[in-house]
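Worksheet: one structure, shown below.
The analysis underlying the following values was restricted to heavy atoms, covering all of them including side chains, and did not include hydrogens, waters or symmetry mates.
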Amino acid sequence: LDLQGQENRFLKKGSDQWQVLQKNQIIEAGDQIMTGTDGFVIIRYDAMSKNVVKINSKSKAEFHSIEPTDLHLEDGSIFNILDGLGGVGYQISTPTAVAAVRGTHLPVSYDASTGAFYAAVLDETDSVLHEVEITDLDINGTQKELILAEGMQIQTEDSGQSISEPEAI
């Protein structure tokens, strides 16, 4: 765990007091991270930095599970470089959608104040599989599944809107 900025906070599962996040902090299932206006947190899954997650400034995320990773983005944005985690699964959920990552570069953002969601698959990896499985969770509880391929993006403007059909970046 690497970090930058002075306002990054950490909430241990079962606690109600936010603490200052420390470099190399151990994160467990149920723990939360909140980044400040000038901060970000980088989580590296390997020594060569082929699999990296960056929780950007002004973001709040909770780790539902560590392995396989299930990261719930409550607000803000996360950038993922995942170039082959092997058999380990990885997904990012928001209140409006779930992105199951399969070896790619993936920016995901969610604005809690409006419900706007954004995800894109960038074509910058050497990975064999360049796609993300998206499950849209609309306001009526209906699920719509789609595959977001390399060079494509999807978005919503508010929480009552279904995710758009994939379009070129």
Got a list of side-chain donor-acceptor pairs under 3.5 Å for residues 17-30, not counting sequence neighbours?
{"from": "Gln25", "atom 1": "OE1", "to": "Gln22", "atom 2": "N", "distance (Å)": "3.4"}
{"from": "Glu28", "atom 1": "OE1", "to": "Lys12", "atom 2": "NZ", "distance (Å)": "2.5"}

*Cluster check Met34, Leu3: I/L/V/M/F/W/Y, side chain < 4.5 angstrom*: no
_Main-chain N/O of Ser59 paired with Thr35 side-chain donor or acceptor, under 3.5 Å_ = yes
*Please tell me if the side chains of Phe40 and Asn8 come closer than 4.5 Å, counting only heavy atoms from C-beta onward.*
no
*Spacing of CD1 belonging to Ile78 relative to CG belonging to Leu73, to within rounding of 0.5 Å*: 4.5 Å
*Calculate, to the nearest 0.5 Å, the distance between atoms CD1 and CG belonging to Ile92 and Leu71 respectively.*
6.0 Å
*Would you find a donor on one side and an acceptor on the other, under 3.5 Å apart, between the side chain of Asp38 and the backbone of Gly5?*
no
*Side chain of Asp70, backbone of His64: donor and acceptor closer than 3.5 Å?*
no
*Got Gln32 and Glu74 here, is their nearest side-chain heavy-atom distance under 4.5 Å?*
yes
*Min side-chain heavy-atom separation Asp31-Leu11 under 4.5 Å*: no
*Using a distance-only test with no angle check, is there a side-chain donor-acceptor pair under 3.5 angstrom linking Asn56 and Ser77?*
yes
*Note, Asp2 side chain near Arg44 side chain (heavy atom, < 4.5 Å)*: yes
*Is there a side-chain contact between Ile42 and Val52, using heavy atoms and a 4.5 Å cut-off?*
yes
*Flag the pair Thr37 / Glu7 as yes when at least one side-chain heavy-atom distance between them is below 4.5 Å, and no otherwise.*
yes
